[in-house]
Structures are given as C-alpha cells and as structure tokens.
Amino acid sequence: MNTMTAWTRRRVLGATLAAAGLASLGSPLARALAGDRGEGDWSAEFAARLAADPTLLGWKGVSADRLAGSARIEGRLPAGLAGTLFRNGPAVHERFGLRYRHWFDGDGMIQAFRIRDGKIAHRGRVLQTPKLSGEDAANRRIFPGFATVVGNEARVRGPDDLNTANTSVLEHHGELLALWEGGSASLFERETLAWQGFKSWGDGLEGVPFTAHPKVEPDGTLWAFGVSYLPAMGLVLYHIAPDGTLVEAGLIRVADMGMVHDFVVTERHLVFVIPPLVFEPEAARDGAFLDAFGWRPELGSRVLVVAKDDFGKRRWLQLPAGFGFHHGNGWEEADGTIRFDHCAAADPTLVTERFRHIMRGEVRAAAPERYTRFTARPDGRVDVEETSDWAEFPRIAPARTGRRNRYVYTLGAPDNRHAAALRRVERRDLERGTVDAFDFGPGVIPEEHVFVPRRAAARSEDDGWLVGTFLDHVRGVSGIAVFDARRIGDGPVARGWLDYPLPLGFHGHFSPA
C-alpha cells in the first residue's frame, strides 16, 4: 500500500522543482545561472594541456554520439562468464564550441560490453535526453548545469529539463535505467541503448530526484532517496517492491542540508551520512549551483538513521567533519550496533576543485578519500577506523547488500593529493584487515569494477569475478578486465582491448545473459 498522501506528494514535488533554484527566474540562484563567470571558454586551454599531458585523455569527451567495436582478447575469458556490463558516465564535454565547467555536467553515454562465447562486443550511445534534444533544436547550449552557467538560457520548468542521465545504471523488474541524482531515472533500451523516457514511481512523483545509488536487497526490494534543497531542505525516501510498485515515499526535513550522494541499507534501517558541505542559496548569487554549497566543518558530519518500517522513527549520530561520495555496505547486529563504511576525505576539494578544474586540463590538489569503517553503538558512540591510502568506488557481492560482508572491492592509489587518478584494483578482507591488490601501473586508469557471482551456486562470498573497464592513456585506447575475485593480486585472467579510447565514467551494472 502507498502510504504517501497527495498533500505530501505535492510538497515533495514543489520542493524538488525548486531544488536547483530554477522554479522561478526571480530567485537569486536562477539569476546567477543566467550569467557567466567571466573566465572564458575552457576548450582551448584543455586542448593545449592534453597535447602536453596524455593523462587527461579520459576527460576529452566524445565527438560522435555512437561507438561500436569488437575487443581483442588477451588471456582467456572464463567459460561461465556471460552477460553485459552496462556503464554510464559523462561523455559529451563540449557542445557548440563551449566546454562544460565540471566533470559532473557532461551529457551521459551508456557503454555496453557484451560478453559471450569467448568474445566481447562494445557499443556506446549518447542518451538523447530532452535536455540534449532541446539544445540540438536550438543549435546552442541553453541549459545550465551543476557548475556550468550559460548566457541567454532557456526557461527551466523543472529538474528534468537539466537531466543528463550520466551517473549510474539500475536494472530492476526487467527495466534498465540510467540514473542522475538531480531528477528522474531514465529508461533505455537494452539492445540499442536508446533513451526511452523518464521513469515515474507514482502519481505526483514525476521529476522528483532519485539517487544514482539505489540499494536492491537480495529479494528485489529497492530503497532509494532524493535530496531536496528548496523550499524545504531534506531527503525524499522511496520504498519500492520487487515488482516495481511504490510501497511508500516521503520527505524528511533536514536543517543545513548537505550534499549527499549515497547511503547504506541494513536489515532494519536506512543510514545517511550528511557532510557539512551545506546548501546556502545566498552564496550562489555570483556563481553556479555548486557555488551554493559552503564548507562548515564546525557542524561535523551528521548521521541520520531511519527505520525501514516507519520513516517517522529516526535518530541522529555525530561524526567528525568529512566529505565522501560512496559507501560499500552496512549491516546491524542483534544488540542494535550498526556497522557501515564510507570512502571519506577531510574536506570536499575533490568536488569543488579537482573535478571542476580538470575540465580545463588543470589537476588541482584534493584531500584523499580513505576507506573508513564506522561502528555506531546503541548508546550513540561511534568508533572510527581509517585506512591510509586513496580508496574509491567500493563494491560488494550483491547478495550481501544490507547483510554482514567480509569483502569489499575498491579502486586505490598512493596517498597523494596531486595524483590525477586511481590505479589499483583491490580486495579488502574486513576480517583479516588485509588488502590484495593489482596495480595497473602509471599509464592506465582503472574504473569501477563490479562483482559478478558464478552462475552455479557460489561456494563463498568471493566466488565469482570482478569485471571493469580501464583507460590506457599511453596507447590511447580503452579496455575491459576480468579478475578472479578471490585472487586480485594475480592480475586479470583476461583483458579485452578496444582500438579507441572511451571517456572516463562513473558506475555500472552487470546483467547476466
């Protein structure tokens, strides 16, 4: 039964239509988005720096809306591995002679790596969203982005006018969805990868933000959230049944709302870490949406714990100030202790500096994200255990979502604020406290690797493969790697090499054949 009232739906929709400060052209943020920061176009700067520094290749972007090719196989693909790795990420970084001002602003492109009969076929397609189609019809850029402003912009009616569908992929109840956390999920076609339309989870929820990191439990139950900034700050929560129907949705008000990208599901709770990168509309008068966020470390990072069976039951915990994007997993014990992880940095310079200025070919220093484990006690105490090196893009065996897990798979790199990219694939053994890693070397940038269980009954949590993509900026090509998930340090059992490079992206999903 859907327990969200019509009044609440209208309240949620009204809040999220204004979430980007765009519901009214009279708002300070909308006026800011109509201007230009006076820094000129970044295209020439990026091109000049790329010519001197090939490590920037992953942020060049594509010039065509479709790509296709067959991979040259090195090694031997496992006989039982068959299916498609779908990946998503920003791919169109320049339009009509102008370059976007942040990595997050690029228009999305779905990459499909189809593995079967010992072969790998690749297809990529830019998602023809209404945002992209509208600009094509106008023959110019007319919509602002996360950190990109344009002059003479079109009137924005709601978040989906800006939707780039560029962050992740979800497969649920037979549907494939391209995710973008500022608005609706987008349906796309499995074979052609064509954009099909926006997904609505219920009457009145059209355009309401939906996370790029929903959690699907082993029985198919889906949990998700969206962030509302104006006029009501808070979190929109979704509970979706295995058959795709909405069970419940609701808005939880949160003062000093921070930038939240991911969350944790346990057996009985939803856990949100709210960093002190706080939305402050008045700060955006002379900048883009990103400029509306202020770093307020004195607030610390707050943890909101919400009961899955009653969104009204919640409690707050306190952590030291930090900022991060991703969690691997979480679970809870019989006494109520909740254990969860987070790839967290000391400050938000990764998003405010690194990912902004990389678009002009400038690699700025950023605080490293470290794999960190938290133990939240029933009495409110939280223990913190932090590792030493960079760690990002954590993934687990899907069957362990919300349940105790022993292994987490991450990307890593030496602890260097100036490092341009990650370079290791890692298996973290939480029981032994060890890390088994493979280093691709300084010429290769690995991307998120996902766990694929064996088709037959797995004998252990790590009985399967790790599958992910990489960019070799020395050769100027991309590829896909397959690891035995139990022996990451041995290196890939197989690699598939394309003869062209792909833009660096974010997240993916493996769909078995």
Side-chain angles (χ1 to χ4, degrees), residues 1-6 8-9 12-13 16 83-86 88 110 112 160 163 165 167-181 183-226 235-252 262-271 306-312 329-331 396-403 450-453 455 457-458 507-513:
M1 176 180 178
N2 183 355
T3 61
M4 186 180 180
T5 66
T8 305
R9 278 184 179 156
V12 170
L13 184 57
T16 52
T84 303
L85 174 66
F86 293 101
N88 196 356
I110 297 294
D160 282 341
N163 196 326
T167 310
S168 190
V169 176
L170 168 67
E171 184 173 21
H172 190 254
H173 192 55
E175 293 181 327
L176 279 170
L177 300 162
L179 306 179
W180 178 74
E181 64 190 35
S184 301
S186 291
L187 293 156
F188 69 92
E189 203 278 324
R190 182 177 297 271
E191 295 300 322
T192 66
L193 311 183
W195 188 88
Q196 294 181 308
F198 291 123
K199 171 73 175 181
S200 174
W201 301 101
D203 181 34
L205 292 174
E206 297 83 2
V208 175
F210 186 87
T211 178
H213 289 283
K215 307 298 181 185
V216 181
E217 297 192 82
D219 68 353
T221 299
L222 188 152
W223 301 90
F225 74 97
L235 294 166
V236 183
L237 306 187
Y238 298 82
H239 177 192
I240 298 166
D243 66 359
T245 60
L246 181 70
V247 177
E248 183 177 8
L251 173 66
I252 294 179
D262 196 1
F263 74 126
V264 169
V265 171
T266 70
E267 183 181 358
R268 297 187 297 273
H269 294 92
L270 311 177
V271 181
V306 181
K308 292 162 72 174
D309 62 357
D310 183 352
F311 292 166
N329 195 33
W331 72 84
I396 63 166
R400 305 311 303 167
T401 299
R403 291 145 175 81
V450 303
F451 181 88
V452 181
R455 296 299 299 273
H507 303 291
H509 166 78
F510 191 88
S511 179

Do [X] and [Y] pair up side chain to side chain, a donor and an acceptor below 3.5 Å, judged on atom types alone?
X	Y	value
Asp160	Ser184	yes
Ser511	Glu171	yes
Thr266	Trp331	no

- Passes side chain to side chain contact (heavy atoms under 4.5 Å, CB included), Thr221 versus Val216? Steps please. CA-CA 6 Å; Thr221 299; Val216 181; over 6 Å; no
Heavy-atom pair with the smallest gap, counting every atom of [X] and [Y]:
X	Y	value
Asp219	Pro242	O-CG, 3.3 Å
Ala399	Pro218	O-CG, 3.4 Å
Asn163	Gly183	ND2-C, 4.1 Å

Between [X] (side chain) and [Y] (backbone), is there a donor-acceptor pair under 3.5 Å?
X	Y	result
Glu206	Gly204	yes
His173	Asp243	yes
Asn329	Val264	no

ask   = So Val306 and Ile252, side chain to side chain contact (heavy atoms under 4.5 Å, CB included) or not? Walk me through it.
value = CA-CA 10 Å; Val306 181; Ile252 294 179; 3.8 Å; yes
If I take atom [atom1] from residue [X] and atom [atom2] from residue [Y], how far apart are they, to the nearest 0.5 angstrom?
X	Y	atom1	atom2	answer
Leu222	Leu246	CG	CG	10.5 Å
Leu237	Phe225	CG	CZ	9.0 Å
Trp180	Asn88	CH2	CG	12.5 Å
Arg190	Ile110	CZ	CD1	12.0 Å
Thr84	Phe510	OG1	CZ	7.0 Å
Ser200	Leu187	OG	CG	10.5 Å

Sequence neighbours excluded, the answer for ring-ring contact (aromatic ring centres under 6.0 Å, His included) partners of His213 is His261, His326, His507
- request: Could you label the plane-to-plane angle of the Tyr238 and Phe210 rings as parallel, tilted or perpendicular, counting under 30° as parallel and over 60° as perpendicular?
  value: perpendicular
* Verdict with reasoning, Glu189 to Trp195, per side chain to side chain contact (heavy atoms under 4.5 Å, CB included) -> CA-CA 7 Å; Glu189 203 278 324; Trp195 188 88; over 6 Å; no
If the threshold is 4.0 Å, N to carboxylate O, is there a salt bridge linking [X] and [Y]?
X	Y	result
Asp310	Arg268	no
Glu217	Arg400	no
Lys308	Glu267	no

Side-chain touch [X]/[Y], heavy atoms, less than 4.5 angstrom:
X	Y	answer
Thr401	Ile396	yes
Trp223	Pro214	no
Phe263	Val271	no
His509	Ser168	no

**Residues His172, Ile240; criterion side chain to side chain contact (heavy atoms under 4.5 Å, CB included); working and verdict** = CA-CA 10 Å; His172 190 254; Ile240 298 166; 4.1 Å; yes
